[in-house]
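Structure first, commentary second.
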Amino acid sequence: MNVTFLGTGTSQGVPVPMCDCKVCTSNDFRDQRLRTSVYVEHKNVNIVIDTGPDFRQQLLREKITQIDGILFTHGHHDHISGLDDVRCFNFKYKRSMAIYASKSVEKRLRQVFSYIFASLKYPGAPQVHMTRIKNQIFQVKGLKITPINVHHGQLPILGFRIGDFTYLTDTSSIPESEDEKIYGSKVIVLDALRQTPHPTHLHLQDSIKVIEKYQPEKAYFIHMSHQMGLHKEVEENLPPNMYLAYDGLKIQVQES
Ligand SMILES: [Zn+2]
Ligand SMILES: [Zn+2]
Ligand SMILES: [Zn+2]
């Protein structure tokens, strides 16, 4: 399985316009973070998780030409607002884009993108094929996906396990009922917003504790704000099997 980090930043992205902090003015490319999204290639099935406002730019940067399905974790703007940019796939392959969303996310998508779901559509409007998902295993082109219910503050949202890869963005806590789905993951990707606590996201020290609990071979942190600090400095002080992800990072997850 190949995993490409399309974006690793929080909702504002990094750098933040008009901010002159050391992170926002850093020359290290790893301190420049588009909104969080990931591309997973496994068993000839290609999946994108979330389409934020930088989706188009991420498609161009990674030269992505195949998407078999888009999975949504939740309906916040930084995870859905790029959906309009599926049009290039509609035009090229002459078919709708398969998207997978929970009932509440579907409701949000229908509000925000009413023109996509209108009965009388503007010519050239995005075409999507919606599959409603619950906290139950589903398949994308035969590839098994296990949703994982996590808390994002008060909001219940979904993470996903694909093979031995577990992806948990925008997480403040994980119910014990989901533990069995997560144990045994070789790689866990987890929210770590910044150094100090936040009501709807894990912060770095708590993210480290979560990883120590599940003990994957490797863990990568995502959804970082400029308050996380410089990539190089923060990563140097992490436990040996934990890393800060960065935009464009590609990893392989070996199959067992
Ligand atoms: Zn977010
Ligand atoms: Zn800043
Ligand atoms: Zn969110």
Side-chain angles (χ1 to χ4, degrees), residues 5-39 48-55 57-58 70-83 85 99-109 111-113 133 135 147-160 166-175 178 188-204 206-207 210 220-234 244-247:
F5 291 87
L6 301 181
T8 57
T10 189
S11 55
Q12 284 195 294
V14 184
V16 177
M18 296 179 282
C19 183
D20 59 4
C21 80
K22 64 180 179 179
V23 176
C24 290
T25 55
S26 163
N27 288 324
D28 186 341
F29 72 94
R30 297 170 302 176
D31 288 315
Q32 301 188 356
R33 303 185 188 278
L34 300 178
R35 269 56 71 93
T36 289
S37 174
V38 75
Y39 183 58
V48 166
I49 304 180
D50 293 330
T51 56
D54 303 311
F55 183 48
Q57 205 177 328
Q58 293 162 335
I70 295 170
L71 318 183
F72 289 104
T73 59
H74 65 304
H76 284 166
H77 186 82
D78 55 321
H79 297 260
I80 65 169
S81 64
L83 181 59
D85 286 320
I99 64 174
Y100 299 78
S102 67
K103 187 177 177 185
S104 61
V105 176
E106 179 183 346
K107 191 175 164 203
R108 184 85 192 127
L109 291 172
Q111 285 170 345
V112 174
F113 297 101
I133 56 173
N135 192 9
I148 300 167
N149 179 39
V150 300
H151 298 306
H152 179 19
Q154 299 292 320
L155 186 71
I157 74 158
L158 294 178
F160 298 103
T166 291
Y167 182 81
L168 304 171
T169 188
D170 293 60
T171 300
S172 53
S173 66
I174 304 168
E178 304 301 271
I188 295 178
V189 172
L190 181 65
D191 185 1
L193 182 71
R194 61 187 191 191
Q195 301 281 348
T196 53
H198 185 278
T200 63
H201 292 270
L202 289 165
H203 68 291
L204 186 61
D206 278 354
S207 303
V210 169
Y220 296 85
F221 298 123
I222 53 167
H223 212 286
M224 285 167 270
S225 96
H226 61 153
Q227 294 166 323
M228 177 60 96
L230 292 167
H231 183 103
K232 185 173 182 295
E233 290 178 9
V234 176
L244 299 188
Y246 55 86
D247 291 19

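Whatever order the structure lists ligands and atoms in, that order sets their numbers, starting from 1.
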* Are side-chain heavy atoms of Arg108 and His74 found at a separation under 4.5 Å? -> no
* Residues which pass side-chain contact (heavy atoms from CB on, under 4.5 Å) with Gln195, listed by chain and number, not counting sequence neighbours -> Leu204, Met228, Val234
* 4.5 Å side-chain heavy-atom contact, Leu193 and Met224 -> no
* **Backbone of Thr169 reached by a side-chain donor or acceptor of Asp191 within 3.5 Å** => no
* Going by atom types only, do Ser37 and Asp50 share a side-chain donor-acceptor pair under 3.5 Å? -> no
* So which of Asp54, Asp247, Asp78, Asp170 actually passes salt bridge (Lys or Arg N to Asp or Glu O under 4.0 Å) with Arg35? -> Asp54
* **Exercise: do His226 and Asp31 side chains pair donor with acceptor under 3.5 Å** => no
* To do: Count up the protein N, O or S atoms sitting under 2.8 Å from the Zn ion (ligand 1), would you?
  => 4
* **Tally, protein N/O/S atoms nearer to the Zn ion (ligand 2) than 2.8 Å** => 4
* **Arg33: side chain to side chain donor-acceptor pair (under 3.5 Å) partners, not counting sequence neighbours** => Thr8, His231
* Centres of the His203 and His198 rings: under 6.0 Å? -> no
